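Heavy atoms only: backbone and side chains are in, while hydrogens, waters and symmetry mates are out. Computed from a prediction, not measured in an experiment: that's the story for all the values here. Each chain gets a letter, A, B and so on, in the order its sequence line appears, and its residues count up from 1.
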There are 2 protein chains.
Amino acid sequence: MESRCENCIIRQFNALRAMNKDELKKVSDSKVFKKVKKGEALFEEGEKLDGVFCVRNGVSKLSKLSANGKDQIVKLASKGEVMGQRSVIAEELTNLSAVAISDMEVCFIPKEIISDTLNTNPNFAVEVLRHMAHDLKEADDVIVNMSQKTVKQRMAEAFLYLKNNYGEDDDGFLSLTLSREDYANVVGTATESCIRIISDFKKNGFIKTSGKKIGVIEERKLLDLVEGF
Amino acid sequence: MESRCENCIIRQFNALRAMNKDELKKVSDSKVFKKVKKGEALFEEGEKLDGVFCVRNGVSKLSKLSANGKDQIVKLASKGEVMGQRSVIAEELTNLSAVAISDMEVCFIPKEIISDTLNTNPNFAVEVLRHMAHDLKEADDVIVNMSQKTVKQRMAEAFLYLKNNYGEDDDGFLSLTLSREDYANVVGTATESCIRIISDFKKNGFIKTSGKKIGVIEERKLLDLVEGF
DNA sequence: AGCAAAACCTGACAATTATCATTTTATGTA
DNA sequence: TACATAAAATGATAATTGTCAGGTTTTGCT
């Protein structure tokens, strides 16, 4: 279960791949393996983080509380992704909360190792930079979507995103199950509006539901919607 | 006019401050000084950038075209800021267009120097990382604003932002003048809606206008609006 | 100065989305 | 299994925002 970072495949997906053997050894010796149950928080907005979390399994939502009391989900983090690096690097309190959407396994890595390696191994720094650059681009895309697309379009996009990134089970339902409220918080709308759109998509045969599970039936139709038809 | 980077104060505001003398010398020798007139583009979405732009003077809007043909302004870049680094680092085409909002003076710095320095000087890499981390946080904030605040609140925020970041002239008008359309594209709304809100604010005495110039009168009232009162 | 083009503004209306109230359904637990 | 609780669903209505169509003013240019 708990194993050595040197042999961990997960890190191939993140910036830790750019660490050398010695650095990895240090990480391995000081990392803390953690299980997090669905619904539990890894950290809360405004906290001071003493390290980063490398996701081995499961999915976490990264969200920010808005003035009107609603959570806006800014990003979903899953296998291979590192959470908390932004605030460790900027040496600031976290601007986001992280709550597990499914049961998770994560490794906590103390920030000293991260910053030491950043300061001495340019390859690592550049690799982290590349990942952050990617995140920034995605954030820009989200901004444009939020302001220029309708709620319906964003809902359609959300379903397609979940299908493409987390796949579906044998019965054709999305593997990652979000509550209606979470969907609303991803899309940035009221829960009722979100539910109404789900009903609407279902009535049109674009999706199917079973309890809280949702399955994409007409991917093409959803895509058309997103494109504006 | 055109001078040596070694003596340039501007770089104190950006990651170039972490370069050593040799590196700065190289930058200085290869940089190209450029004047850009208001309305001219520095680069367009989808272009391949061969370097970054360090802003000496003036302001540029960074925007992204949405599917429905509207430009969403994602960020304003002004004195001291570096544009294009994201795409140079990620080695991707730019995801944004940069167009001058006022007359500008910029220095173009070839990407080779940037990436060489990133790969050899960890201080520089970390400094760039820090700036990018900051940008990412700001982007998160924008996402939350877009989805959770009303157009009116976002407009109020925009005026306060411009006042606090670019100041006002002797007559109390914002130093940075945006067209109504630009305001709409910052806030993510239709130009007509934007104009209506300006009229409304004016009627309420929160702001004043003179041609396209806008001045903040009741900062407190605008703040209250943003906070949700 | 005079003219064309662009930017700004307003009204009327339609579409989208939020809110509140209530019902129905699912879920976990004793 | 039954009960309490939370989640999902729906209706009615109001508020917000977008669209279209037409004005007026400003601006840049010859």
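Between the CG atom of A:Asn68 and the P atom of C:dC20 there is a distance of 12 Å, given to the nearest Å. Protein atom NZ of A:Lys152 is 9 Å distant from nucleotide atom P of C:dT17, rounded to whole Å. Rounded to whole angstrom, the span from the CD atom of B:Glu181 across to the C1' atom of C:dA7 amounts to 9 Å. For B:Ile198 and C:dT10, the CD1 to P distance is 11 Å, given to the nearest whole Å. One can place CD of A:Gln153 at 16 Å from P of C:dA15, the figure rounded to the nearest angstrom. Distance CD (B:Glu192) to C1' (C:dC13): 13 Å, rounded to an integer number of Å. C:dC8 atom C1' lies 15 Å from atom CD1 of B:Ile197, rounded to whole Å. Note: CG (B:Asn185) to P (C:dA7) measures 12 Å, nearest angstrom.
A 4.0 Å heavy-atom criterion places the boundary nucleotides of DNA chain D facing chain A at D:dA7 to D:dA12, written 5' to 3'.
The environment of NZ in A:Lys213 is crowded: more than 12 heavy-atom neighbours from other residues, nucleotides or ligands sit within 6.0 Å. Enclosure of atom NZ in A:Lys152 is not indicated, since only 12 or fewer non-hydrogen atoms of other residues, nucleotides or ligands lie within 6.0 angstrom. The number of heavy atoms from other shown groups lying within 6.0 Å of NZ (A:Lys34) does not exceed 12. Within a 6.0 Å radius of NZ in B:Lys79, no more than 12 heavy atoms belonging to other residues, nucleotides or ligands are found.
The main-chain N or O of B:Val99 is never found under 3.5 Å from a side-chain atom of B:Glu40 such that the two would form a donor-acceptor pair. Between the B:Glu47 side chain and the B:Glu44 main chain, a donor and an acceptor come within less than 3.5 Å of each other. Judged by distance alone, the side chain of A:Glu105 and the main-chain N or O of A:Val55 form no donor-acceptor pair under 3.5 Å.
Between B:Tyr166 and B:Tyr161, the ring planes lie perpendicular to each other; the angle is over 60°, past the 30° to 60° tilted range.
If you check every strand for non-hydrogen atoms under 4.0 Å, A:Ser193 touches a base.
Judged by distance alone, with hydrogens and angles left aside, A:Arg196 brings a side-chain donor or acceptor within reach of the base of C:dT19, the pair sitting under 3.5 Å.
Residue B:Thr191 places none of its side-chain N or O atoms closer than 4.0 Å to OP1 or OP2 of C:dA7. Taking only side-chain nitrogens and oxygens, A:Lys70 comes nearer than 4.0 Å to OP1 or OP2 of C:dT19.
Between the two ends of the helix from C:dA1-D:dT30 to C:dA30-D:dT1, each summarised by a five-pair axis, the helix axis turns through 50° (rounded to 10 degrees).
Under the 4.5 Å side-chain criterion, counting only non-hydrogen atoms from C-beta, B:Met104 is in contact with B:Leu42.
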